[in-house]
Amino acid sequence: MLAYPVRLTREENDTVLAVVPDLPEIITFGLDEEEALLRVAELLADCLDEYMSRRLPIPAPSKAKRGMRLVVAPPLVEAKIELYTAMRAAGIGKAELARRLNCHLPQVDRILDLNHNSRL
């Protein structure tokens with residue numbers, strides 16, 4: 001399960017600041033903890049997609065410290081992240097994966113697109 005810890009802090013203006021230490025790009029807020037966590041969940045796929053588009057390694061989630069909450073990536077996003085991570089570890093690019101799967105490059109692009117509703 002791909003679950004990132006979130007640090008929630010009550011601000012002076014009665015909003016809740018949400019920070020994901022493993023993904024410093026994700027800083028958001030909400031009127032309460034629930035809204036802040038929902039916003040983090042919405043940003044998670046976009047942030048991870050940006051790492052993939054820049055061909056950067058995906059930071060592994062750290063262990064949640066006391067008082068932190070977890071935001072879990074959807075199963076489809078997790079599957080795509082695992083494929084991307086395995087490709088990086090094996091030194092395989094999209095073109096090589098397409099060749100090995102005997103499919104076209106746009107199909108591999110859709111498989112790796114976190115916003116595309118692929119089927120598991």
Fill in: Cluster check V71, I27: I/L/V/M/F/W/Y, side chain < 4.5 angstrom
no
For residues 42-59, which side-chain N or O atoms pair as donor and acceptor with protein atoms under 3.5 Å away, sequence neighbours left out?
| residue | atom | partner | partner atom | Å |
| --- | --- | --- | --- | --- |
| Y51 | OH | E25 | OE1 | 3.0 |
| Y51 | OH | E25 | OE2 | 3.1 |
| S53 | OG | E50 | O | 3.0 |

Fill in: L2 reachable from M87 in the ILVMFWY side-chain graph, under 4.5 Å edges
yes
Discussion item. Is there a path of hydrophobic side-chain contacts, each under 4.5 Å between heavy atoms, that joins V19 and V6?
Written reply: no
Item to complete: Look up atom NE2 in H116 and atom CG in L76, then write down how far apart they are to the nearest 0.5 Å.
Response: 9.5 Å
Worksheet item: Is the backbone of V108 close enough, under 3.5 Å, to the side chain of K94 for a donor and an acceptor to pair up by distance?
Response: no
Item to complete: Mark yes or no for whether K80, through its side chain, and R110, through its backbone, hold a donor-acceptor pair below 3.5 Å.
Response: yes
Worksheet item: Looking only at heavy atoms, what is the nearest atom pair of P21 and P5, with distance?
Response: CD-O, 3.5 Å
Worksheet item: Going from CZ on R69 to CG on L8, what distance comes out if it is rounded to the nearest 0.5 angstrom?
Response: 6.5 Å
Practice prompt. First locate atom CD of E12, then atom CG of L17, and finally report the distance between them rounded to the nearest 0.5 Å.
Written response: 12.0 Å
Discussion item. Is it the case that atom CD in E11 sees more than 12 heavy atoms from other parts of the structure closer than 6.0 Å?
Written reply: yes
Worksheet item: How would you list, by chain and number, every residue that makes a salt bridge (Lys or Arg N to Asp or Glu O under 4.0 Å) with E96, sequence neighbours excluded?
Response: R99, R100
Item to complete: Using atom types as modelled and distance alone, determine if a side-chain donor or acceptor of T85 lies under 3.5 Å from a backbone N or O of I81.
Response: yes
Discussion item. Do L101 and I92 land in one hydrophobic cluster if side-chain heavy atoms of ILVMFWY residues count as linked below 4.5 Å?
Written reply: yes
Fill in: Point-to-point distance, once rounded to the nearest 0.5 Å, from OH of Y84 to CG of L112
9.0 Å
Worksheet entry | From N13 atom CG to F29 atom CZ, the distance as rounded to the nearest 0.5 Å | 8.5 Å
Worksheet item: Which heavy atom of A64 sits nearest a heavy atom of L70, and at what distance?
Response: CB-CD2, 3.8 Å
Discussion item. When you group the ILVMFWY residues by side-chain heavy-atom contacts below 4.5 Å and let the links chain together, are V77 and V40 in the same group?
Written reply: yes
